[in-house]
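Some notes on the structure that comes next.
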Amino acid sequence: ARAVLMPRFLEVEDKSGWNAIWAAVGGHAAHLRQIAELLHKERLDMERERQEQEKEKRRVEMNRQLRPQRSPDAEEFAKIAEQQHEDDSYRSDARGPPAGAAERLLRRLPEAMRDEVGKLEAQAATFARHPQLQPLREAHAARPGMWEAELVGAVRDVCELPGGVSAPAGGLGEVSDPVQLAMLDAGLLVPRWKSRGPCLALPSRLARSVLLAWAEALCAE
C-alpha cells in the first residue's frame, strides 16, 4: 500500500504523514489513490501560494522604489512598520515547521473526501433503520436510551475487532446476529476470507472512523 504514495506523492522521510494517512484510510486501494490525487493537488496549491507570496513581495519592493521621497520621520516610521510586520511573520512561522502537503490534507480530510464520508453516513442511517433491528428497538421501547446504548455497544465491538467478526462454525450463511446482519445488508460489513476462516469485516478504515463518529453522535443525542 505504501508504494502507491511513496515516493511519488509522499516523501519517504515523511513517516508521520504516512502513519497518519494509514490511520485514516488504511490500505483501501481506492481511498489511497484518491489520497494520492489530493496530495498532488495540495502540492500544486502550496506552490501557487508560494509564487503568490513572492509576487506580493516583489510588488511591495517595486512600490517602495517608485514612491515619492518622504520626510525622514515618515521614512523611519514606514521602516519600523515594515520591520514589525516581518517580525510578526517570523514569530508566526517559528511556532513550528511549516505544514507539509500531507499534514495540510489531513486537517481537512473529511471535507476532501466528503463524497465517501457522505455515502458512509447514508449507509449508517440505513443500518439504524434496518428491519433486523426492529425487535431490539421494540424490546427497549419504554427506555430508548437502552436501545441506543445496546446498538452503539454492538457497533463499537465490531469496530474494535482488528481481524473482523469470525463466522460461525457453519460459515457466513449461519450468521444470525441482527446487528451484524443489518450492517452486512447496509454495506458496513463485507465477507472476507482469511487464514483462520471466513469472517465479516469493515470495508475500510474510513468506514470504521465514520461508524465510531456516528456512534458517538448517537450517544450524545
Side-chain angles (χ1 to χ4, degrees), residues 1-5 18-38 106 109-221:
R2 184 178 299 191
V4 175
L5 297 182
W18 164 253
N19 291 336
I21 289 171
W22 179 263
V25 301
H28 193 282
H31 291 166
L32 284 175
R33 283 195 296 272
Q34 185 171 1
I35 289 290
E37 294 171 359
L38 291 169
L106 288 165
L109 192 62
E111 176 192 353
M113 301 188 71
R114 57 183 174 273
D115 291 343
E116 290 74 12
V117 171
K119 179 181 177 182
L120 288 166
E121 289 175 341
Q123 288 175 284
T126 299
F127 156 70
R129 299 190 301 267
H130 199 279
Q132 285 283 350
L133 302 180
Q134 188 61 29
L136 183 63
R137 185 182 289 106
E138 291 175 352
H140 297 297
R143 295 187 296 175
M146 288 295 296
W147 136 257
E148 293 171 353
E150 189 167 342
L151 182 63
V152 166
V155 169
R156 284 176 173 165
D157 287 345
V158 171
C159 290
E160 295 305 324
L161 289 172
V165 181
S166 296
L172 291 173
E174 297 298 318
V175 174
S176 59
D177 182 272
V179 173
Q180 295 173 15
L181 287 172
M183 292 181 71
L184 181 65
D185 199 33
L188 295 172
L189 283 176
V190 294
R192 294 276 169 81
W193 282 262
K194 301 190 176 182
S195 57
R196 70 173 191 271
C199 67
L200 292 175
L202 297 170
S204 66
R205 194 166 298 231
L206 185 63
R208 178 181 183 275
S209 299
V210 171
L211 268 175
L212 288 174
W214 171 84
E216 189 71 23
L218 190 61
C219 287
E221 289 180 356

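Every value quoted in this text rests on a predicted model; they were computed, and no experiment measured them. Position 1 is the first residue of the sequence, and the numbers go up from there.
Distance check, rounded to the nearest 0.5 Å: CH2 of Trp214 to CG of Leu151 gives 4.5 Å. The CG atom of Leu211 lies 10.0 Å from the CG atom of Leu206; values are rounded to the nearest 0.5 Å. How far CG of Leu106 is from CG of Leu38: 10.5 Å, rounded to the nearest 0.5 Å. Taken from CG in Leu172 to CD in Gln180, the straight-line distance is 10.0 Å, to the nearest 0.5 Å. To the nearest 0.5 Å, atom CG of residue Leu136 and atom CD of residue Glu148 are 11.0 Å apart.
Among the candidates Leu200, Val190, Leu189, the single residue satisfying the side-chain contact (heavy atoms from CB on, under 4.5 Å) test with Met183 is Leu189.
Contact detail for Val165 and Val158: the closest heavy-atom pair is CG2-CG2, 4.2 Å. Scanning all heavy atoms of the two residues, the minimum distance from Gly187 to Pro203 falls at O-CG, 3.7 Å. Nearest heavy-atom pair across Gln132 and Ala182 is CB-CB, 4.2 Å. Lys194 and Pro162 get closest at one heavy-atom pair: NZ-O, 4.4 Å. The two residues Gln123 and Ala186 have their closest heavy-atom pair at NE2-O, 2.9 Å. The nearest pair of heavy atoms linking Gly163 to Cys199 is O-SG, 3.6 Å.
At most 12 heavy atoms of other shown residues, nucleotides or ligands fall within 6.0 angstrom of atom CZ in Arg143.
Within the 3.5 Å criterion, the main-chain N or O of Arg205 finds no donor-acceptor partner in the side chain of Arg208.
For the side chain to side chain donor-acceptor pair (under 3.5 Å) test, residues two or more places apart in sequence or in another chain that qualify with Arg137 are Gln134. Checked against side chain to side chain donor-acceptor pair (under 3.5 Å), Thr126 has no partners two or more places apart in sequence or in another chain.
With a 4.5 Å cut-off on side-chain heavy atoms, Leu133 and Trp147 count as touching. For the pair His130 and Leu181, the minimum side-chain heavy-atom distance is 4.5 Å or more. Between Asp185 and Phe127 the shortest side-chain heavy-atom distance does not fall below 4.5 Å.
Taking the charged nitrogens against the carboxylate oxygens, Arg156 and Glu216 do have a contact shorter than 4.0 Å, which makes a salt bridge.
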